[in-house]
Amino acid sequence: MPLTTYWLEHAWLGTRVEPGVALEVTEDGRIGALRTGVPTPPPGAEVLRGLTVPGLANAHSHAFHRALRGVVQIGSGTFWTWRELMYEVAQNLTPDRYFALARAVYAEMALAGITNVGEFHYVHHAPGGTPYADPNAMGEALIEAASAAGIRITLLDTAYLSSGFGEAPNAHQQRFSDGTADAWAERVSALKPRGHALIGAAVHSVRAVPADQLATVAGWAEGRRAPLHVHLSEQTAENDACQAAHGRTPSQLLADHGVLGPRTTGVHNTHLTDADIALLGATGTGTCMCPTTERDLADGIGPATRLQRAGSPLSLGSDSHAVIDLLEEARAMELNERLRSRTRGHWTADALLTAATGDGHAALGLPDAGRLEAGALADFTTVALDTVRTAGPPPRLGAETAVFAATAADVRHTVVGGRHIVRDGHHTLVADVPSALAASIAALRS
């Protein structure tokens, strides 16, 4: 017998919008059955009015960057000047402060329809680099924060060992570093997956992990069949430094050391050569685009269309959380390409939603999420079709409405593992998300 039945007024099933869908949730939090052509709610069913889509996957997050929203918009500068302000926030994190902030940030994500977050985690130790009594105290704080906010997390524990191509970490970066990749692997091996959490790995960047230690990180992920992510060619300065140090591009360097492959995702992939694009595609390495951060930091527009044509699956992330809105990330990827090419329609709404759902979950090690079908995890979100932004189009164009008109503010419900986390726009576990955000951010400035 199903644990719960939801009646979806309209549901996006990957290639079409169906009216009147009954979705049954089993005791283990999966979709047990999906019945279309159900014109009225079955007795006792929970009614979700609007367009229900699979839960959104935020494939790239730095939770503590949420504290920078608004305060880094003064004056001008570059990624590198922004980074100095980021370091200042990182220095004030403790496990308790990080839990409070991340809980609020992940609750904001749930309100935006996000059911799974890929947390690219590199603030491991106390300031100065001294490990906490529990060397994974910071990572555990993030895992518990996701649980408290009701969403899933793939903790992408990040190797960060150098300030740049063999240089020792600077004063700010000391708390990021384990010293060596072997020490990183020993620490991260103590982290254990649990019901809502997977453990993955990340190479911060080719500048932050010496070339002779890349294989250790890649081998750790390969041995556990875990997702592996890496910041890749986000800045031309990094590309130039890599060429000077190794005589090759970052993509080529990663390939030489076994980092690329179908369980690997390059984040940003902004400044690539033709050979880089072919290499990423041939190895099945994914691409996570973060358009709102890439435009906020003036990084540039990555070659997403060419990467996808070459064979690189696309996912989306909110990265620095200039905004937390995966619908905007999907829309921005298409609109950025329109600006660059001066042509329209590079992706359909279905393709953009797939990047935000199924392909995003796959990049985070959850291929059984991101679809509304029997056997998949019962993670889904409902976008209202009757707000000032979404009213008007016929429901059969719900995918187009969601991607090109809706925002996170139009999310009405979020369900994770069959459990209602956001109901009628209100978080069921965190009573006052704005106050939780304000208080946790203020604590970092005290």
Side-chain angles (χ1 to χ4, degrees), residues 58 60-75 77-109 117-149 153 155-163 168-179 184 187-188 191 202 204-205 208 231 293 296-297 318-324 430 432-446:
N58 188 352
H60 190 67
S61 162
H62 302 291
F64 76 91
H65 288 191
R66 175 62 178 81
L68 296 168
R69 186 184 296 178
V71 301
V72 292
Q73 307 303 335
I74 302 169
T78 66
F79 167 86
W80 306 102
T81 54
W82 170 90
R83 190 176 70 160
E84 293 304 311
L85 297 172
M86 179 270 288
Y87 285 155
E88 292 178 14
V89 172
Q91 285 297 98
N92 291 327
L93 291 171
T94 66
D96 287 344
R97 286 177 173 178
Y98 211 0
F99 169 83
L101 176 60
R103 172 178 172 267
V105 173
Y106 296 156
E108 181 182 358
M109 290 185 191
V117 59
E119 185 61 39
F120 200 101
H121 165 55
Y122 56 83
V123 187
H124 301 306
H125 307 299
T130 302
Y132 291 102
D134 174 359
N136 285 306
M138 296 292 269
E140 291 289 350
L142 292 165
I143 291 171
E144 291 307 312
S147 177
I153 184 171
L155 187 73
L156 299 161
D157 195 288
T158 304
Y160 194 133
L161 308 173
S162 169
S163 66
N170 66 31
H172 293 299
Q173 297 163 345
Q174 287 172 355
R175 69 180 312 188
F176 308 161
S177 178
D178 291 292
W184 167 86
R187 178 183 54 75
V188 73
L191 286 164
H204 180 274
S205 55
H231 290 135
T293 291
D296 183 60
L297 296 181
S318 63
D319 192 2
S320 70
H321 312 314
V323 298
I324 293 177
V430 183
D432 187 343
V433 178
S435 292
L437 285 164
S440 59
I441 292 170
L444 294 178
R445 298 176 183 151
S446 61

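- Thr293 places a side-chain N or O within 3.5 Å of a backbone atom of Ser320 that can act as its donor or acceptor partner.
- Looking at Gln91, its side chain never comes within 3.5 Å of a backbone N or O of Glu88 through a donor-acceptor pair.
- Qualifying side-chain contact (heavy atoms from CB on, under 4.5 Å) partners for Ala104, counting only residues two or more places apart in sequence or in other chains: Ala436, Leu437, Ser440.
- Side-chain contact annotation: Arg445 with Asn92, donor-acceptor N/O pair under 3.5 Å absent.
- Contact of the Pro95 side chain with the Tyr132 side chain is registered, since non-hydrogen atoms from C-beta on lie closer than 4.5 Å.
- The shortest distance between side-chain heavy atoms of Arg175 and Met138 falls below 4.5 Å.
- The closest side-chain heavy-atom distance from Arg69 to Ile441 is not below 4.5 Å.
- Here the side chains of Trp184 and Asp157 are in contact, with some heavy-atom distance below 4.5 Å.
- Contact record, Ala63 with Val105: O-CG2, 3.8 Å, taken as the closest heavy-atom pair.
- A side-chain donor-acceptor contact under 3.5 Å links Asn136 to the backbone of Arg187.
- The shortest heavy-atom contact between Val89 and Leu444 is CG1-CD1, 4.0 Å.
- When every heavy atom of Pro169 is checked against every heavy atom of Leu161, the shortest pair comes out as CG-O, 3.4 Å.
- The closest donor-acceptor contact from the side chain of Arg66 to the backbone of Ile324 lies at 3.5 Å or more, if one exists at all.
- For the pair Gln174/Thr130, no side-chain contact is recorded, criterion being any heavy-atom separation below 4.5 Å from C-beta on.
- Shown here are the ring-ring contact (aromatic ring centres under 6.0 Å, His included) partners of His121, two or more places apart in sequence or in another chain: His124.
- None of His204, His231, His172, His125 except one satisfies the ring pair (Phe, Tyr, Trp, His ring centres under 6.0 Å) rule with Tyr160; the exception is His204.
- Using a 30° and 60° split on the angle between ring planes, Tyr122 and Phe64 fall in the perpendicular class, above 60°.
- Using modelled atom types, no side-chain atom of Asn58 and backbone atom of Val117 make a donor-acceptor pair closer than 3.5 Å.
- Side-chain contact check for Gln173 versus Tyr87: some heavy-atom pair is nearer than 4.5 Å.
- The minimum heavy-atom distance between Ala148 and Phe99, with the atom names listed, is CB-CZ, 4.1 Å.
- Atoms CG and CG, from Leu297 and Asp319 in turn, are 7.0 Å apart once rounded to the nearest 0.5 Å.
- In this structure, His62 contributes its side chain and Phe120 its backbone to a donor-acceptor pair below 3.5 Å.
- Each side-chain hydrogen bond (donor to acceptor under 3.5 Å, both in side chains) pair with one or both residues in residues 96-107, not counting sequence neighbours, appears once here: Tyr106-Glu119.
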